Every structure is written in structure tokens, then in C-alpha cells.
Asker: 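Please find one structure pasted underneath; my questions will follow.
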Amino acid sequence: MYEQNAPDVTADKAALYFNLDHQSKWRKVWGFNFSPYLLSDPLNESTEEQFLFEAKELSLDYKKSSTHLKLGISTVNWEGTDFLNPMDIVSPKIYFDPLNAEKRGSAGVFVSDKIGWLGFDAVYIPLQSHAQLPGDNSPWWPRQFSIPTQNENTTLLLPERAEYEVLGRKTLNKANENNVALRLQYQGDSFDFSIAGFEGASQTPILQPYVTGTLISSPPDTIIQINSEIQVQPIYYKVRTGAFAFTKTFDSFIFRLAGQNIQPLGRDSRLPSWSQLGVLSLEKNIDFRRSTLTLLAQVIQSREAESDSLSLLSNLTKRSAGLGFRWPFAEKWTWLSAVFHEQITESAYIHNDLSWSFADSFAQAISIDIFTGKKDSSLGTYDRNDRVTLKTSYLF
């Protein structure tokens, strides 16, 4: 991050990622899955992010005909829309890099089957995992201007040097115990439709800030100049979530529509009352210069009740319109580009990625991420988080 020059804040990374997808079978119907995720990042200023080992998959499964039963640690991946998926309602994530968040596995029972035209997936998780939040020295905590909150009438102005302390998590109403989810799905010749429900721990917690400062403006438009370290209290709570996804193909077009409604459960005064998210996308494939150019247009709309919790991590591209394309312009070259324009605060996020596969097992990629916007916008808060990433991958 070439513009991130605050002391003790991570601006440079030299990370090693290791992924393994191991599957073994015996007697045709039984299998064992092991998918570890290893991260080593010694240059990171946050000790929490210097090393991480996750078993995203460690399970025993049984497959016969359309019946699939899995016992152990696994993630839930339900199809919806690209970039932001309202059907992604179960598995928590690792938010060390919110733009490339990895899912965390949870131990439970995972069942899927199909009866005639109706498919279903059922999930029971006795003890849900929690999200992995950025460390104290992460650049993904707001470092300039103000802290964006979910209350438009409250502004928390940051000091010249913002310092964070992420406190130990709190869990309300035993939210991470006995989590359940169900998806029903119809797959036709030219369209798919699915609905899903989940009751359990929130994927992302309330991020309750604790600050001391000087009151500059009184309600209804409250402005506070923070003059001390910012403490952040993650609070997990129980939610009841409903979601749906619809996909329709016609000629060279793919139309996708997905949405979700989250209703917090409980009477704690810190709980938001509700949130809604809808994503509409249109995808088109074009034959262009002996390759297939894929164009994507997407509209994202969200509504949230006001609260004093920090509004970040999962809210970077909500309430926006986006355009993108994927173009494999040569045998081993692919160019991916996308821009999201936030409609209310006139801010934007731009991503470009150029990748090259060579020597069968190697791949090289360079990507550029740019944030721009007004000071009071979520994207504008990350104006100094523009970055260039060079990644080399080896497949074996």
C-alpha cells in the first residue's frame, strides 16, 4: 500500500499462502476430505495476522446416488451472484483482507439430497466458528478523517494518529450454539431458483467503539473529536436470515437476482433491528478476437437500521453499481477488471487483475486496487489503501 505511511500500520506484505485439497475414496461411497489453509506473513505489523492455520475441510463423507452426508469440519457454499452473494449466509470469514476474505470451516453435519425436481441442503453446527477480524495494526481499521458508523447522525472524527485495540469478543444469547440452515433448490433447463434460511450466529459481529473525546456538536447531528486510543468490542449475536437466488439463461445472457433479509434475535439495546441486501446482475458472453469476452453489470442495494457500531468490512461495496469484464485475450493470459460506484456518497472502488499461466504449474498475477471518495464515505475512508499486489502461484 504505497500511500499508507502511518507508523506501526501494515503497508507491506510478503506473505506465503498454502492450500491443499485432498480427497480419498474407499468402497466407492465413503470418502475423506482434508483442506488446510496456511498463512505466513512475517512483515505484518499485527501479530494476529503473522501466522494462521485453518482446517477449512476435515470431514468424512458418504455419497450414494444423489445422497451426500458429511460429518466434520466444512464450509457452506451456496450459489448466488458474483462479488457479493446474498446466499452466503452461513460460514464466517477471515477478514485480514476484506477484499479477498477466506471462509472458515465449522464442525457439524451437512446433508444434501434430491427428490425429483427438488434438491435440498441441511446443515447443523453445534458450535459455530467466529469471524477472524483484522489485527490492531491493520490498515483496514479507519485511519483518516472519521470512523464510518451505521448511524448517519453521529460522526466520530479521528485523531492525527489513530490507534486501535480490538477487545476480546462477546457472544449474546449463546448465538454460536446449535446453528441450523436449510436450502431448497430447483434446477431447470434454463433457470435455477433457490431459497434458504439460517438461524445462528451473525457472520460479522457488531463492532462497538469505545472512545473518549471532545463533543463538538450535540444531537441530532452529533460530532465527537476522538483524542485517545479507539477500543473496538466485537459482539456476536443470534440472527434469523432468509435468502433467495434466481438465475435465468437466454441466448448468450445470464440474468441473476439474489437477496437476503437479516433479523437479529434478542432484546439487547446494541442490536441493529434489521438489514436487507439485494443484488441484480446481467452477464453476457461475446466472441471477440478468437476468445470469449465476458461482460458483467451489477447493481447492489442495501438497507440497514441505524446503530452506533462501526460500518466497515462487509459494507465496502454495498449500495453501488458495478461494471466488469473477464477477457482471456491469449492462450495463457487473462485480464479481469471491475469498477463499483457507490451511489449515495459518490465514491468508487476499482480493481484490475492481469494473470499469466506459464510452465504448466506456475501462474503470475499483478493486481491494482484503488479507492476514491468523499471523506465521510466508507470507501473514502480507505483512500490510502490503494495497493499493488504481485502474486506467484505454484500448483502441484
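No experiment lies behind these values; they were computed from the predicted model shown.
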Asker: Just distance, no hydrogens or angles: give the donor-acceptor pairs under 3.5 Å from side chains in residues 246-255, sequence neighbours left out.
Answerer:
from	atom 1	to	atom 2	distance (Å)
K248	NZ	S190	OG	3.1
T249	OG1	S190	O	3.2
S252	OG	K284	NZ	2.6

Asker: Run the side chain to side chain contact (heavy atoms under 4.5 Å, CB included) test against T294 and tell me which residues pass, sequence neighbours left out.
Answerer: E283, N285, T292, R326
Asker: Sequence neighbours excluded, which residues qualify as ring-ring contact (aromatic ring centres under 6.0 Å, His included) partners of F244?
Answerer: none
Asker: Who are the ring-ring contact (aromatic ring centres under 6.0 Å, His included) partners of F83, not counting sequence neighbours?
Answerer: F340
Asker: Less than 6.0 angstrom separating the ring centers of Y95 and W140, yes or no?
Answerer: no
Asker: Please list, chain by chain and in numerical order, all residues satisfying ring-ring contact (aromatic ring centres under 6.0 Å, His included) with H341, sequence neighbours excluded.
Answerer: none
Asker: Which pairs with one or both residues in residues 174-199 pass ring pair (Phe, Tyr, Trp, His ring centres under 6.0 Å), sequence neighbours excluded?
Answerer: W117-Y186, Y186-F191
Asker: Please list, one pair per line, the donor and acceptor atoms closer than 3.5 Å that link side chains of residues 331-339 to other protein atoms, with sequence neighbours excluded.
Answerer:
from	atom 1	to	atom 2	distance (Å)
W335	NE1	N352	OD1	3.2
S337	OG	N352	OD1	2.9

Asker: Only pairs at least two apart or in different chains count here, so list each salt bridge (Lys or Arg N to Asp or Glu O under 4.0 Å) that has a residue in residues 68-93.
Answerer: E57-K70, E79-R183, D88-K93, D88-K103
Asker: Looking at every heavy atom in both L277 and S302, which two are closest together, and how far apart are they?
Answerer: CD1-CB, 4.1 Å
Asker: Any pair with a residue in residues 50-71 that passes ring pair (Phe, Tyr, Trp, His ring centres under 6.0 Å), sequence neighbours left out, goes on the list, sorted by first then second residue, please.
Answerer: W30-Y62
Asker: According to salt bridge (Lys or Arg N to Asp or Glu O under 4.0 Å), who are the partners of D97, at least two apart in sequence or on a separate chain?
Answerer: R387
Asker: Name all residues meeting the side chain to side chain contact (heavy atoms under 4.5 Å, CB included) criterion together with L295; count only those two or more places apart in sequence or in a different chain, and write none if there are none.
Answerer: I286, L293, F325
Asker: Measure across L60 and G31 and return the closest heavy-atom pair with its distance rounded to 0.1 Å.
Answerer: CD1-O, 3.3 Å
Asker: Who pairs with E54 by salt bridge (Lys or Arg N to Asp or Glu O under 4.0 Å), at least two apart in sequence or on another chain?
Answerer: R104
Asker: Taking the six-membered ring for Trp, are F358 and F362 parallel (under 30°), tilted (30 to 60°) or perpendicular (over 60°)?
Answerer: parallel
Asker: What is the minimum heavy-atom distance between E3 and D386, and which atoms define it?
Answerer: OE1-OD2, 3.1 Å
Asker: Please say yes or no: joined through hydrophobic side-chain contacts below 4.5 Å, possibly via intermediate residues, are Y394 and W356 part of one cluster?
Answerer: yes
